[in-house]
Amino acid sequence: MTEMPKKNLDVVVAGAGFAGLYLLHKFREMGLTPRAFEAGDDVGGTWYWNRYPGARCDIESIDYSFSFDPELEQEWQWTEKYATQPEILSYAQHVADRFDLRKDITFATRVEKAVWDEDDALWTVTTDQGETVTARFFIMATGCLSEPKDIDIDGVENFSGEIYRTHSWPHEGVNFTGKTVGVIGTGSSGIQSIPLIAEQAENTTVFQRTANYSIPAGNGPIAPEKLAVTEHYQDYRAEARKTRVGVPGKEAMDFALTVSEEERQERYEELWAKGAIPHLGSEFADILLNEEANETLAEFVRSKVRSKIEDPELAEILTPTEFPICTKRACLDTNYYETFNKSNVDLVDIRKNPIRTITESGIATQDKEFDFDAIVFATGFDAMTGALMAVDIRGRDGQSLRKKWEHGPLNYLGLTVEGFPNFFMITGPGSPSVMTNMVLSIEQHVEWIADCLGYMADNNLSVIEPTATAENGWVDYVTATADMTLFPKAKSWYMGANVPGKPRVCLPYLGGAAAYRRACDDVAADDYLGFRFDGSEGSQCNDGLVRRQQPDVVALLEALAEMELPPFETLSAQDAREVSVAMNAANPPGPAVGEVADGKFPGAASELDYRLYRPDTAGPHPVAVYFHGGGWVLGDHASDDAFCRDLCVNSDSIIISANYRHGPEDRFPAAADDGFAALQWVADNAESLGGIPGELAVCGWSAGGNIAAVVSQLARDAGGPAIRGQILITPVVDGTDDSPSMTENAEGFVLTKALMDWFWDHYADPSERSDPRASPLLADSLAGLPPAFIVTGEFDPLRDQGMAYAEALAAAGTPARGIVAPGQIHTSFTAVGAIPTANGIRAEIANELKSCFRALETV
Ligand code: N01
């Protein structure tokens, strides 16, 4: 028998699904007094409520289970690749019984209100059964997909037949034999249930608004190789924690657009045969970032869908086209498409023939009236925030969570909310949650909170709350992460787009489980960065942002750290070049241009290579001579290929990437001399190259920015060629620089101070570094130079010298504009495809180049 709840508790938990169960177990282990309130009559959460026919998990059962207890892991045997709802519910019940958790759960009781009492530092929690308890901590463990979306179709109340909703299916089941059934909704719930409803019902009519991407689950007994992981479960779990999705598997570093069509198809066939969705979007690194790459997978799935449906018209309606694949949750099915080949199954495309109303006898669309014995609504959830906002949660000064989240769920780490002390969410918005294996994410949250409460106990701290700075920083970071992906392009529940009037923000954090875990761990390791604590001995707060670089930069830095490559400066120039070439080969390609042509030009001492990028528009075009980066040691005319393509397309200009001699073989001023020779040769040959004579600019990145700045000065001093503008991207302009950015960003951001020193050592003697041909900032005069646009990154050692050059040019009367790109590093700007958060700056660079050319202004 359930014991009576204690009135004064350490923790109140709302929900007894997987999250609530583990919280109770964990807190008990810590010697705390927890109590959970659960709206259902039993444990299980999602798996208690969603009992519709065909309900299964779309994460394989071995992955979708707790890892916190090795004995529990070993004693539970899953029977199928994808467990059914009843089996998962039995598992939850087993966990509850095994750890004797029911005695701390009050069933059939919903938390209605929770109010923070400032004076006593306690939460007062009220239930729908009229019960009130107080607790130091209040935790919402109510799940991401538990609050149903309201039915937003008129006339439901008029229907005289049976109404079913997939999320709250009758426990006794439903027998559709001999019945005429209408099903509205073709998300995961609809796609799973429709084949089984259609097996029983006399006639089934499916109302589809948006066709979804679904792949066959290939369900059956667990494959022997998967079963084998249970022999080393803990290693397998450790591997899972290092992944984006929380399931071990391939997370590719290569790009759909760089491999051959043949390889792509082969890999997609393998994915299809696997019948699993977690790694669908990570088969190639660009699938979720690049529409063209995404389209290759989407089209593959479409062709499979078409091949399963006999009637071409039906096939067309069922073929998904409206959103990039994986930007809405992909579905796993068993005979979904095949079901539409049955003569007693109909499909109504409600985009073309919208539902007008539910009538007494069925559904009236614009064109037709349908009579049904039963209607099934598989219309989804008010996801991620719905269940949290269903409870009236009041923080400091009576502030309500509903009000605070009016425009989107402000939160820190998806775990906490500023103004709501001692309040936690499990898998809340702002955490990866639904993008991952939920059980793994639940465990991570429970363990992080438990550690945090342990830290508070050890340090006599009683109240925790995130700061506004940390919260705003995290929300921005989550948004920036989403913005670099294709997710905002879909009207999905991830984006809050399925519920009318809901704010459009990306609800989950899309950076993946592993990156998220690192962020949470970094916060804890840094004295709980971004949290304020109060306790008997006073307050403490280490305020700040857990992630200061752009999300793709963070991901890049983390990936590089994991590779443990030897620093360039510890290698010989030759070895460094080889590593650099190998790294370059792994980069995503740039966009297609009209023409790429290689050729030779006379350098200052010998013939040198160039690569010309011509736009796909009618010429002649203005021309920019481009100088690659690589510290005068690495790289060549082709090494910034993707960036040159991007610049060519976006500026509608010819880009001529000219090589130059490198150190240590050819030291200062060889590179500068070759740069000037390239400029002269292009100016002299503009017309034959397809350029507009006189419409000439220079551009360069890093050491190439140095050469572009230097040749601008040389051309001024030599009386030509005339240059319309200089575009300097994180340029080296001062070999004597010891400004703050050189110290602040000395390590950790790819270009280090040590590497910069190594570059200089390979290029110019210390006595030569003050020469303006090495350090253009140190020139006697910066007047009369071409207008300059200088871009640097916030975390670039060369940031301050770049900005100093912009200021010095402007002070000398040369038009100049400098910008520091927030959260970017030295290598961000040329990393087309790999650093999408720099796309905006790349567009600005191209625009600046375009605006240099007078000819274009008059076109
Ligand atoms: O809900 P959904 P779900 N008129 O929102 C349609 C998880 N889950 O319950 O796409 C007509 O995906 C709506 O149309 P549209 C999983 O994460 C997992 O199926 O908005 N139609 C859509 O077709 C999943 O993503 C599992 O145009 C209306 C459907 O209803 C999430 O839960 C199983 C409509 C809703 O699809 C939600 O899935 C089940 C209207 N007024 C669920 N309103 C597994 O583990 C909505 N629709 C396998």
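It should be emphasised that the depicted structure is a prediction, and the values quoted were computed from it without experimental measurement. Whatever order the structure lists ligands and atoms in, that order sets their numbers, starting from 1.
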(request) Please say whether the positively charged group of Lys328, taken as NZ for Lys or CZ for Arg, lies over the ring of Phe323, i.e. under 6.0 angstrom from the six-membered ring centre and within 45 degrees of the axis. (result)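 Lys328 over Phe323 ring: yes.
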Does [X] reach the side chain of [Y], with side-chain heavy atoms less than 4.5 Å apart?
| X | Y | value |
| --- | --- | --- |
| Phe381 | Val499 | no |
| Cys57 | Ile88 | yes |
| Leu72 | His25 | no |
| Val183 | Phe207 | no |

Which bit of [X] gets closer than 4.0 Å to ligand 1, counting heavy atoms only: side chain, backbone, both or neither?
| X | value |
| --- | --- |
| Lys149 | side chain |
| Leu332 | neither |
| Ile153 | side chain |
| Tyr82 | neither |
| Cys57 | backbone |
| Thr186 | both |
| Ile350 | side chain |

I'd like to check whether [X] has a polar contact with ligand 1, where a contact means an N/O of the residue lying under 3.5 Å from an N/O of the ligand.
| X | result |
| --- | --- |
| Ser189 | yes |
| Thr166 | no |
| Asp58 | yes |
| Asn498 | no |

Is the closest heavy atom of [X] to ligand 1 under 4.0 Å?
| X | value |
| --- | --- |
| His167 | no |
| Asp152 | yes |
| Gln208 | no |
| Phe323 | no |
| Val434 | no |

(message) I'd like to know if Glu322 pairs up with Lys491 as an ion pair, taking the criterion as any Lys NZ or Arg NE/NH1/NH2 lying under 4.0 Å from an Asp or Glu carboxylate oxygen.
(response) no
(request) State plainly whether the residues Glu443 and Arg517 are in salt-bridge range, i.e. N to O under 4.0 Å. (result)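 No salt bridge links Glu443 with Arg517.
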Identify the protein heavy atom lying closest to [atom], giving its residue, its atom name and the separation to 0.1 Å.
| atom | result |
| --- | --- |
| atom 48 (C) of ligand 1 | Gln192 NE2, 2.8 Å |
| atom 1 (O) of ligand 1 | Gly380 CA, 3.2 Å |
| atom 29 (C) of ligand 1 | Ala378 O, 3.3 Å |
| atom 8 (N) of ligand 1 | Ser188 CB, 3.8 Å |
| atom 37 (C) of ligand 1 | Trp493 NE1, 3.7 Å |

Using the ring of each side chain (for Trp, its six-membered ring), is [X] parallel, tilted or perpendicular to [Y], with breaks at 30° and 60°?
| X | Y | result |
| --- | --- | --- |
| Tyr91 | Trp78 | tilted |
| Phe300 | Tyr268 | tilted |
| Trp448 | Phe424 | perpendicular |
| Phe66 | Tyr22 | tilted |

(message) If we check side-chain contact (heavy atoms from CB on, under 4.5 Å) with Thr427, which of these qualifies: Thr436, Val434, Ile442?
(response)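 Passing option: Ile442.
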(request) Report yes or no: do Asp367 and Thr365 form a side-chain donor-acceptor pair below 3.5 Å? (result)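 Checked: Asp367/Thr365 side chains show no N/O donor-acceptor pair below 3.5 Å.
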